[in-house]
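What's counted below: heavy atoms across the whole structure, side chains too, no hydrogens, waters or symmetry copies. Nothing here was measured: the structure is a model prediction, and the numbers come from that model.
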Amino acid sequence: METLIVSITCIALIIVGGMTMSQGFLSSVDNTMVGVEELSVREGEIMRTEITSINATQPSSNRFDLFLRNSGQVKLSSFDKWDVIVKYYKSGRYYITWLPYVGGSPGNNQWTVPGIYLNAENLTAEVFEPGILNPGEEMIIQARLSPGIEKDTTCDVVVSTPNGVSDSFAFVGG
């Protein structure tokens, strides 16, 4: 009789332990699958994102405007999460500067988006979802540098979106 009670208790403990282990395993598999799904969605977004630099102008030695087109299939916004890195020479020194985004007029070593356009060259204003760079639309990145870019030196600008898609554009300082 005593061995029967001990046996039943052991069998119950084995069943409870097995169920607990199964629950932990299923929970682990479920968490892994959620992570794989999130990764797949992120990779899909990255594959559909593309930006293209069109042109750059330099109205003054310490300011430049970079024209970008959203040539991908993903809407782009959250400009405060974008990276703009500028590489240039001034007085024999090589500068590599990361510029933070500001909502208004840019100060030294800052950038902003003065507008998003259907055609940035003609300043044809966007009509759909203002403030969001939709596929096919163009925007102007206006940046101010300190110190400024010397005349006849190359300036390289790298722009990166929050999901890591980037483009670079080189122009000669004027």
Side-chain angles (χ1 to χ4, degrees), residues 35-174:
V36 167
E37 182 178 344
E38 289 174 358
L39 182 62
S40 175
V41 168
R42 180 179 161 98
E43 284 180 356
E45 184 177 294
I46 290 170
M47 293 297 294
R48 293 187 321 274
T49 302
E50 185 176 353
I51 55 174
T52 306
S53 301
I54 304 168
N55 190 18
T57 60
Q58 189 180 2
S60 66
S61 69
N62 67 341
R63 194 186 117 202
F64 70 88
D65 297 339
L66 179 67
F67 295 75
L68 282 178
R69 176 181 295 123
N70 181 351
S71 46
Q73 302 169 351
V74 175
K75 298 176 186 181
L76 300 171
S77 59
S78 302
F79 300 118
D80 58 329
K81 295 179 182 168
W82 288 43
D83 288 318
V84 174
I85 301 168
V86 183
K87 301 179 276 186
Y88 64 102
Y89 282 97
K90 173 72 175 190
S91 301
R93 288 191 59 201
Y94 186 61
Y95 292 90
I96 301 175
T97 308
W98 173 81
L99 307 177
Y101 172 81
V102 292
S105 182
N108 286 337
N109 296 326
Q110 295 178 333
W111 70 280
T112 192
V113 177
I116 298 175
Y117 307 94
L118 292 175
N119 184 327
E121 202 69 36
N122 300 335
L123 299 179
T124 306
E126 67 174 335
V127 292
F128 182 68
E129 294 184 316
I132 296 175
L133 186 63
N134 290 300
E137 291 182 338
E138 299 173 358
M139 75 178 201
I140 300 173
I141 289 179
Q142 187 179 85
R144 185 171 301 280
L145 298 173
S146 178
I149 302 167
E150 279 186 351
K151 187 176 182 172
D152 297 327
T153 60
T154 302
C155 179
D156 189 27
V157 182
V158 178
V159 179
S160 179
T161 64
N163 61 9
V165 174
S166 65
D167 188 46
S168 66
F169 190 80
F171 65 95
V172 177

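In this structure, Arg69 CZ and Leu133 CG are separated by 10.5 Å, a value rounded to the nearest 0.5 Å. How far OG1 of Thr154 is from OH of Tyr89: 9.5 Å, rounded to the nearest 0.5 Å. One distance of note links NZ of Lys81 with CG of Leu76; it measures 13.0 Å at 0.5 Å rounding. Interatomic distance, Thr124 OG1 to Asn119 CG, rounded to the nearest 0.5 Å: 5.0 Å. Distance check: Met139 CE to Asp65 CG gives 11.5 Å after rounding to the nearest 0.5 Å.
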Evaluate Asn109 against Leu145 for side-chain contact (heavy atoms from CB on, under 4.5 Å), listing each step before the verdict. CA-CA 5 Å; Asn109 296 326; Leu145 298 173; 4.0 Å; yes
Kindly indicate, with the supporting measurements, whether the criterion side-chain contact (heavy atoms from CB on, under 4.5 Å) is fulfilled by Asn70 and Asn134. CA-CA 7 Å; Asn70 181 351; Asn134 290 300; 5.5 Å; no
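Contact annotation: the side chain of Leu118 approaches that of Glu137 to within less than 4.5 Å [non-hydrogen atoms, C-beta and beyond]. Using a 4.5 Å cut-off on side-chain heavy atoms (C-beta onward), Trp82 and Pro162 make contact. For the pair Tyr88 and Pro147, the minimum side-chain heavy-atom distance is below 4.5 Å. The shortest side-chain heavy-atom distance between Ile132 and Ile116 does not fall under the 4.5 Å cut-off. With contacts defined as side-chain heavy-atom distances shorter than 4.5 Å, the pair Asp156/Phe169 does not qualify. Counting heavy atoms from C-beta on, the side chains of Phe79 and Trp111 come closer than 4.5 Å. Residues Cys155 and Val86 have side chains in contact (heavy-atom distance under 4.5 Å, counting atoms from C-beta outward). Between Ile149 and Phe171 the shortest side-chain heavy-atom distance falls below 4.5 Å.
Scanning both residues, Thr49 and Glu45, for their nearest heavy atoms gives OG1-O, 2.7 Å. Shortest non-hydrogen contact noted between Gln110 and Leu99 is N-CD2, 4.0 Å. Smallest separation of non-hydrogen atoms from Pro106 and Thr112: CD-CG2, 3.5 Å. Here the closest non-hydrogen pair linking Ala120 and Glu138 is N-OE1, 2.7 Å.
Residue Leu66 is tested with Val159, Asn55, Ile140 for a side-chain contact (heavy atoms from CB on, under 4.5 Å); the sole match is Val159.
Each side chain to side chain donor-acceptor pair (under 3.5 Å) pair with one or both residues in residues 165-174, not counting sequence neighbours, appears once here: Ser53-Asp167.
In summary, Glu150 and Lys90 do not engage in a salt bridge, as defined by a charged side-chain N under 4.0 Å from a carboxylate O.
Under the rule for a side chain to side chain donor-acceptor pair (under 3.5 Å), the partners of Lys75 that lie at least two apart in sequence or sit in another chain are Glu129. When the side chain to side chain donor-acceptor pair (under 3.5 Å) test is applied to Asn108, no partner is found at least two apart in sequence or on another chain.
Side chains of Asn163 and Thr161: a donor-acceptor N/O pair is present below 3.5 angstrom, by distance only.
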